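Since the structure comes first, as structure tokens, the remarks are kept for the end.
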Protein chains: 4
Amino acid sequence: MVIRSIRDNYDAADKQQRILQAAHAEFAEKGFDGARVDSIAARARANKQLIYYYFTNKDVLFTQVLEAAYRDIREQEAALDLAAFPANEAILKLVEFTWHYYLKNPEFIRLLNSENQLKARHLKTSGSTVEINRSWISITEHLLARGRAEGTVRDGIDVMQLNINISALGFFYLINQSTLSILYQKDLGEQAALDERLRVMKECIAAWIRP
Amino acid sequence: MVIRSIRDNYDAADKQQRILQAAHAEFAEKGFDGARVDSIAARARANKQLIYYYFTNKDVLFTQVLEAAYRDIREQEAALDLAAFPANEAILKLVEFTWHYYLKNPEFIRLLNSENQLKARHLKTSGSTVEINRSWISITEHLLARGRAEGTVRDGIDVMQLNINISALGFFYLINQSTLSILYQKDLGEQAALDERLRVMKECIAAWIRP
Amino acid sequence: MVIRSIRDNYDAADKQQRILQAAHAEFAEKGFDGARVDSIAARARANKQLIYYYFTNKDVLFTQVLEAAYRDIREQEAALDLAAFPANEAILKLVEFTWHYYLKNPEFIRLLNSENQLKARHLKTSGSTVEINRSWISITEHLLARGRAEGTVRDGIDVMQLNINISALGFFYLINQSTLSILYQKDLGEQAALDERLRVMKECIAAWIRP
Amino acid sequence: MVIRSIRDNYDAADKQQRILQAAHAEFAEKGFDGARVDSIAARARANKQLIYYYFTNKDVLFTQVLEAAYRDIREQEAALDLAAFPANEAILKLVEFTWHYYLKNPEFIRLLNSENQLKARHLKTSGSTVEINRSWISITEHLLARGRAEGTVRDGIDVMQLNINISALGFFYLINQSTLSILYQKDLGEQAALDERLRVMKECIAAWIRP
DNA sequence: GATGAATGAGCCTTCATTCAT
DNA sequence: AATGAATGAAGGCTCATTCAT
């Protein structure tokens, strides 16, 4: 047992963090199968073996990356101040938040995608993620309840369906941006196109929840 | 040019077809990177090298699979008899068609997904696909025009946004079925859940396009 | 047994010839191992199987290419009119001829090289080549005898050594042109360099055979 | 940077060395295209992938083999004590050295040959080789200058031409030994033939450089 | 003669992972 | 905690050659 300085521990935590970030980037860019452990090591400026030391194998590493990703979006979401608005407006705020989060963290949807390609095999073994995502559900749940009470949101809107709709409208656009841009012969990534998409998404959700 | 028996041509064409189908299944199941040429050969009961003889390499093979996939959905879509309905209802028929197509051909969305993970690198080199997908656009275009004329669809609905919305609501649900089922602790694949999803999707689109 | 027109036979001979030429070029360019049967077929605009029909396999094809190559240089050499010159000058004519032949038929030395890399495995089975090359020996033999009689060439010059010297001085320069050009940082292929080389070669041989 | 036992460093360096030697032998025997990485691994009693770990790929490996080969001949050449002889005799010593080096290292000329077959594609990327070969040039350069001063070597002998002549006369004989032995129906590899060849080479060079 | 289809063997290379210190 | 060395298992692809008309 060696006494080790705080500096050391800091360094170690730091290196783990660097590996995690490198893995995050690599997995998002190339998917799980396309990602290379060597490449992650290089990005993290770490010895490859260290990755195995800290994370056991590629799957565990991916699982941790995924958990961190979920944690991040849910934390940011939870930090939103939605109480100040009527529920219907608050829901549109949520649409905006989701959209902007996807835009600012394009790897997030790519990670989810990769995980789904693998039939959620990592998520299945992750205890924490279900917990983490509970907030996603409950925030919207409360908004819906409040909306019904306020009369700003109609009856019969299911939490899960709402959450899925909010995600779906943005997710599909962004994840398929490459192919859609070709099929429509138009760059879906330019600002005007992105703004227009957000407008449509809000319009669509608003129409759907309107009493 | 030698005259050759029908049997022969049939055999060769048949084998190419078998390879294509095997590739379709393999790529859909495992994604481009996860797919194995060996595995495709085994599925097609063909010699592995024959795949290279006919398709040059894995990328070309994927491109052809992708093109065939697009061709199929667009052909089926074009065969729909939408003229018999008012435009707003016809659009909901389109929502239904899309949804059922996705359900019956789960590989389709997985192929698209894989291609997007690769940033549309195959689609970029495929001349035919843009052409193939034109029908997707024009069918909806005509429906929208008719709907405005009939007064069953409101002004200001963009074709691309409509098409994307129709696809998005179903695509996201299905492609993320694995992870969503875990997060919501509920099997999203059972019939009742699927029916409910279709209902919500139609409800959402209907509300959005209503004059 | 089918009676076939002269045209047909001509075509067949022609196609064999085309294959042979294509093989000549391919083998010279890439060596035996680097050469591709497919590539030869493409160059000859012939079906690959036809190559096997006519030539059995890659080795036989190479052997025939090699024999044709030897036949060609020896035929041209035999056609030289050396009787008009004193023997010492005639020998220098031979130096010139050899050099210019190498220059005009760069594949020749490349073929020889490739064959030597393979330890003459094709030549060993070729009956005709020894015969073909006899002229190479006898021409020089007679020149040497004449030279000694004339007093223009000294005693003690061995035929084989002379032939080898003549070939060596040019062959080495040309076959190693790529590496020598790099080591000497100078393009050994430009005309001035080639002319200078020939001058040196003649100078060297002349000095050596001088009585 | 970790301090590691001498044993370790020795082992690793040793294994690299063994791989290099195995590659040297394999490339010389079969040429670049004919050489097999598997075979090199077997010769070196090393895991095949270790070759890639240390040398990236077959081309890099060949380049290093080539560099080592050049380095070796030039080092031995530089170690010759030529100052003790008049320049003309020293040049003949060089002829002898070159000849004996070729005899003792038959792979050397085979490697050069293979590289030339590939149009010097490895040498082109090798920075060190030009440097290494500078000594080849300068040694002869000084001998020529000294010879002219002493009056033992005539004017007008170019360094490059001299070097090439020295190499050419031996190189051609040895590299084409297989085919020449067949054409002349005589074993050019037996000692008497080798001795005679050296005599001729010296005679030829001597005659050429004589004032 | 001529050709499209088919194949076995093998080649270079990659990659996640483990060993040994 | 950290690292260089090493490896088994494949993976995509190539190539000479043969099959079957």
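Please read these numbers as outputs of a predicted model, since none were measured by experiment. Just so it is clear: chains get the letters A, B, ... in the order the sequence lines come, proteins before strands, and each one is counted from 1.
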Donor on one side chain, acceptor on other, B:Gln49 and B:Asn47, under 3.5 Å = yes
Between D:Ser178 and C:Ala120 the two heavy atoms that sit nearest each other are CB-CB, 3.4 Å
Taking the nucleotide of DNA chain E with the closest heavy atom to each, which residue, B:Leu50 or C:Arg45, is nearer the 5' end?
-> C:Arg45
Side chain to side chain donor-acceptor pair (under 3.5 Å) against D:Asn116, all qualifying residues, sequence neighbours excluded = C:Asn176, C:Thr179
Partners passing side chain to side chain donor-acceptor pair (under 3.5 Å) against A:Glu107 (at least two apart in sequence or in another chain) = A:His24
Please, what dot-bracket string fits DNA chain F when only Watson-Crick and G-U pairs with both distances under 3.5 Å count, crossing ones use [ ] and pairs to another strand use |?
-> .||||||||||||||||||||
Taking [atom1] from [X] and [atom2] from [N], how many angstroms apart are they, rounded to a whole number?
X: A:Arg18; N: F:dA1; atom1: CZ; atom2: C1'; value: 14 Å
X: A:Gln49; N: E:dT17; atom1: CD; atom2: C1'; value: 8 Å
X: C:Ile51; N: E:dG1; atom1: CD1; atom2: C1'; value: 14 Å
X: D:Lys15; N: F:dG4; atom1: NZ; atom2: P; value: 17 Å

Sequence neighbours excluded, which residues qualify as salt bridge (charged side-chain N to carboxylate O under 4.0 Å, His left out) partners of B:Arg71?
->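 Residues passing salt bridge (charged side-chain N to carboxylate O under 4.0 Å, His left out) with B:Arg71: none at all.
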Can you sort out the partners of B:Asp59 under salt bridge (charged side-chain N to carboxylate O under 4.0 Å, His left out), two or more places apart, ordered by chain and number?
-> B:Arg121
Test side-chain contact (heavy atoms from CB on, under 4.5 Å) applied to [X] - qualifying residues, sequence neighbours left out:
X: A:Gln21; value: A:Gln17
X: C:Thr56; value: C:Val60
X: B:Thr129; value: A:Leu183, B:Glu67, B:Tyr70, B:Leu123, B:Ser126, B:Asn133

When you measure from every atom of DNA chain F, which of residues 53-62 of chain B have a heavy atom less than 4.0 Å away?
-> B:Asn57, B:Lys58
Name every residue in residues 117-126 of chain A that has at least one heavy atom under 4.0 Å from any atom of DNA chain E, in order of residue number, or write none if there are no such residues.
->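 By residue number: none to list.
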Do any of residues 32-44 of chain A sit with a heavy atom less than 4.0 Å from DNA chain E, and if so which?
->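 Correct list: A:Ala35, A:Arg36, A:Val37.
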Report yes if the side chains of [X] and [Y] come closer than 4.5 Å at any heavy-atom pair, otherwise no.
X: B:Asn57; Y: B:Ile51; value: no
X: A:Thr63; Y: A:Phe55; value: no
X: B:Phe62; Y: B:Leu111; value: yes

Could you give the distance separating E:dG1 and F:dA20 at their P atoms, to the nearest angstrom?
->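 Between the two P atoms, the distance is 23 Å.
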Could you please name the option among F:dG8, E:dG8, E:dT17 that lies closest to any side-chain atom of B:Asn47?
->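 Of all the options, the side chain of B:Asn47 is nearest to E:dG8.
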D:Tyr52 side-chain proximity, nearest of E:dT17, F:dG4, E:dC12 |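 Among E:dT17, F:dG4, E:dC12, the one nearest the side chain of D:Tyr52 is E:dC12.
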Using 30° and 60° as the class limits, which term best fits the ring planes of D:Phe27 and D:Phe32: parallel, tilted or perpendicular?
->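 Rings of D:Phe27 and D:Phe32: parallel, under 30°.
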F:dA10 phosphate, OP1 or OP2, under 4.0 Å from D:Lys48 side-chain N/O | no
Going by the salt bridge (Lys or Arg N to Asp or Glu O under 4.0 Å) test, which pairs reach into residues 39-56 of chain B, not counting sequence neighbours?
-> B:Glu26-B:Arg43, B:Glu29-B:Arg43, B:Asp38-B:Lys48
